[in-house]
Novice: 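Have a look at this one before I ask anything.
Computed from a prediction, not measured in an experiment: that's the story for all the values here.
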Amino acid sequence: MKRALLLAAALTLCVGTAAAQSPEEAAIAEESTEAAPKRVTGRNCLGDPRPKLIMSNLFGIKYGDWGLENQTRIGLCTPLIKKSGILFDLSFVETGFVMHLTPIYVMPGAYLTIAPLSILQFQVEAAPIFYWPIGISAAGYYPIPSITSDYSKASLPAEDGQTAMGGYVRFGPNIQLAAPLGPFRLIILDTMRFEYFSIGDAPFYFHNRNDLPAANQQWFFENMAIVLLEIPLSRVTSVMVGANDQLTRTIGAKAVSNAVRGTAMLRIDKPWSAMREFTTILALGGRTHHPVRQGDFNFILAISFQLDLTHKKQDPPAWFKPARAPGAAGRK
């Protein structure tokens, strides 16, 4: 199916980018409001300066063009620089297994994320690809005569869908910034990716994931820019509203897709002991540039969560406040 998720990282809002802390998670990470001794190390892996085994999952549905995708990552996060302070608090290295699954293709592979600074991450991901048709127009592997051929749904009938195999590699940086605005916070994120795909045997084909025509061996460039205003609702819940711009283009062939969307996110921190965050994402907008779908309306609905697979069973959820011991109120 065609590309279903913002996030490489995304809004990866994915944009094909999940890590120990994605750009969104790192930008909105909060210190506990409970009194605690001064930290001598950072919040490198899920807010903890210790190695963590982490599972991240992102499920998204997209309309205009239709598509859905589930991304699952299981990786080991290790603190990179154990030093307190804003510059290195979120530095880490994470590596592990990644699975992209849709109704028409599966991509099981591996990823590596390195965050030398709290504001900067570098990620690389690679995997084989297996395509198959499902009896729906434009859903499957479709050879086309040339890079400029029509690939609207009418020109890609269900009976022409084929199976194919291939592989890909993608890499690039994430930049994440945040600044206080009174009781709110301004969050700025940018995810840049260079992608190389080689799929099937035909000289040219319709690349479902990026919704563009492609050569058999094709480089793509993608950039996701996001601006959000974070509004706290409680100690563990916040809403983020803003906008994002997603640009995808083939390198050399000059086919361009660009979408601008309004974005809203609801995030709950540590709803239970193992789950460190739960986020829902809604994005509404349209195509400003596209070879066959310019001006079309589209929306994305996504749900993401992160599990700490090495959590301690006695760790309470963030909303839980244990009762004070008798006489504790009077102690200094």
Side-chain angles (χ1 to χ4, degrees), residues 1 3-29 42-61 68-80 90-103 105-116 121-130 167-174 176 191 193 195 209 267-281 302-313 315 317-318:
M1 201 69 66
R3 188 164 202 174
L5 301 177
L6 279 177
L7 318 165
L11 282 162
T12 88
L13 202 61
C14 243
V15 201
T17 52
Q21 287 186 298
S22 68
E24 297 78 30
E25 293 151 358
I28 64 175
R43 296 179 283 120
N44 314 75
C45 299
L46 292 180
D48 200 311
R50 297 172 296 173
K52 295 279 187 180
L53 184 63
I54 298 168
M55 175 181 173
S56 303
N57 198 84
L58 175 64
F59 174 77
I61 301 173
L68 60 87
E69 181 174 327
N70 191 81
Q71 299 179 17
T72 301
R73 295 172 187 266
I74 300 176
L76 178 64
C77 173
T78 303
L80 183 61
L90 303 176
S91 65
F92 66 89
V93 175
E94 184 181 344
T95 185
F97 169 78
V98 58
M99 171 72 82
H100 299 260
L101 178 62
T102 80
Y105 65 78
V106 62
M107 304 191 307
Y111 72 96
L112 170 67
T113 302
I114 300 175
Q121 298 179 7
F122 295 97
Q123 187 175 74
V124 61
E125 179 180 311
I129 303 174
F130 304 93
Y168 82 98
V169 60
R170 68 158 57 101
F171 57 88
N174 306 326
Q176 51 202 29
T191 298
R193 290 291 180 266
E195 304 177 327
R209 183 175 177 82
R267 174 186 168 109
I268 304 173
D269 289 317
K270 203 174 181 182
W272 55 282
S273 57
M275 184 176 288
R276 301 310 296 262
E277 65 87 12
F278 180 88
T279 303
T280 58
I281 304 163
I303 298 173
S304 75
F305 62 84
Q306 283 193 319
L307 298 179
D308 179 358
L309 301 182
T310 52
H311 78 287
K312 296 180 180 180
K313 291 184 178 180
D315 287 347

Novice: Under a 4.0 Å threshold between the charged nitrogen and the carboxylate oxygen, would Glu195 count as salt-bridged to Arg209?
Specialist: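 No salt bridge links Arg209 with Glu195.
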Novice: Side-chain contact, heavy-atom cut-off 4.5 Å: Leu307 with Trp272?
Specialist: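 Touching, per the 4.5 Å side-chain cut-off.
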Novice: Verify, without hydrogens or angle tests, whether Arg193 (side chain) and Gly172 (backbone) share a donor-acceptor contact under 3.5 angstrom.
Specialist: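 Yes: the side chain of Arg193 pairs with the backbone of Gly172.
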Novice: Using every non-hydrogen atom in the two residues, find where Val93 and Leu80 come nearest and quote the distance to one decimal.
Specialist: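 Scanning both residues completely, I find the closest heavy atoms to be CG2-CD1, 3.7 Å.
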Novice: Under a 4.5 Å cut-off applied to non-hydrogen side-chain atoms, are Leu68 and Pro103 in contact?
Specialist: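 In short, these two side chains touch, coming nearer than 4.5 Å.
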Novice: Considering non-hydrogen atoms only, spot the tightest contact between Pro79 and Pro51 and give its length.
Specialist: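 Scanning both residues completely, I find the closest heavy atoms to be CD-N, 3.8 Å.
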Novice: Can you tell if the side chain of Ile303 reaches within under 4.5 Å of the side chain of Phe278, non-hydrogen atoms only?
Specialist: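 Answer yes - side chains close enough.
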Novice: What is the distance from atom CG of Asn57 to atom OG of Ser304, rounded to the nearest 0.5 Å?
Specialist: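 Asn57 CG to Ser304 OG: 8.5 Å, rounded to 0.5 Å.
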Novice: Could you tell me whether the side chain of Asn44 and the main chain of Ser91 form a donor-acceptor pair under 3.5 Å?
Specialist: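 Checked: pair present.
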Novice: Without hydrogens or angle criteria, can the side chains of Gln121 and Thr113 be said to hold a donor-acceptor pair below 3.5 Å?
Specialist: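 No.
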Novice: If you take all heavy atoms of Gly75 and Tyr111, which pair is closest and at what distance?
Specialist: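 For Gly75 and Tyr111, the tightest heavy-atom pair comes out as CA-OH, 3.4 Å.
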Novice: Which heavy atom of Met55 sits nearest a heavy atom of Thr72, and at what distance?
Specialist: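 Shortest heavy-atom separation between Met55 and Thr72 comes out as CE-CG2, 3.9 Å.
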Novice: Between Arg73 and Phe97, is NZ or CZ placed under 6.0 angstrom from the six-membered ring centre and within 45° of the ring axis?
Specialist: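 Negative - Arg73 is either too far from the ring of Phe97 or too far off its axis.
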Novice: Quick check: closest heavy atoms across Gln306 and Ser56, and the distance to 0.1 Å?
Specialist: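 In this case the closest contact between Gln306 and Ser56 is NE2-OG, 3.0 Å.
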Novice: Would you mind reporting whether Leu309 and Ile74 have side-chain heavy atoms less than 4.5 Å apart?
Specialist: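 Yes, their side chains come closer than 4.5 Å.
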Novice: May I have the step-by-step check of side chain to side chain contact (heavy atoms under 4.5 Å, CB included) for Glu69 and His100, ending in yes or no?
Specialist: CA-CA 7 Å; Glu69 181 174 327; His100 299 260; 2.8 Å; yes
Novice: Donor-acceptor pair, distance only, cut-off 3.5 Å: does the side chain of Thr191 make one with the backbone of Pro173?
Specialist: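 The answer is no, because no donor-acceptor pair under 3.5 Å joins these two groups.
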Novice: So do the side chains of Val106 and Met99 get within less than 4.5 Å of each other, counting heavy atoms only?
Specialist: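 A side-chain contact under 4.5 Å exists here.
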Novice: May I have the step-by-step check of side chain to side chain contact (heavy atoms under 4.5 Å, CB included) for Phe59 and Leu101, ending in yes or no?
Specialist: CA-CA 10 Å; Phe59 174 77; Leu101 178 62; over 6 Å; no
Novice: May I ask you to check whether Glu277 and Thr279 show a side-chain donor-acceptor distance below 3.5 Å?
Specialist: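 The answer is yes; a qualifying pair exists.
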Novice: Nearest 0.5 angstrom please: Cys45 SG to Leu76 CG, how far?
Specialist: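 Atom-to-atom, Cys45:SG and Leu76:CG are 8.0 Å apart.
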Novice: Can you find a pair of side-chain heavy atoms, one from Met107 and one from Phe130, that are under 4.5 Å apart?
Specialist: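 Contact flag for Met107/Phe130 side chains = no.
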Novice: Once rounded to the nearest 0.5 Å, what's the spacing between atom CE of Met275 and atom CG of Asp269?
Specialist: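 The distance works out to 12.0 Å.
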Novice: Return the CG to NZ distance between Asp308 and Lys270, rounded to the nearest 0.5 Å.
Specialist: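 Going from CG on Asp308 over to NZ on Lys270, the span is 8.0 Å.
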Novice: Which atom pair, heavy atoms only, marks the closest approach of Ala110 to Val98?
Specialist: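 Closest heavy-atom pair between Ala110 and Val98: N-CG1, 3.8 Å.
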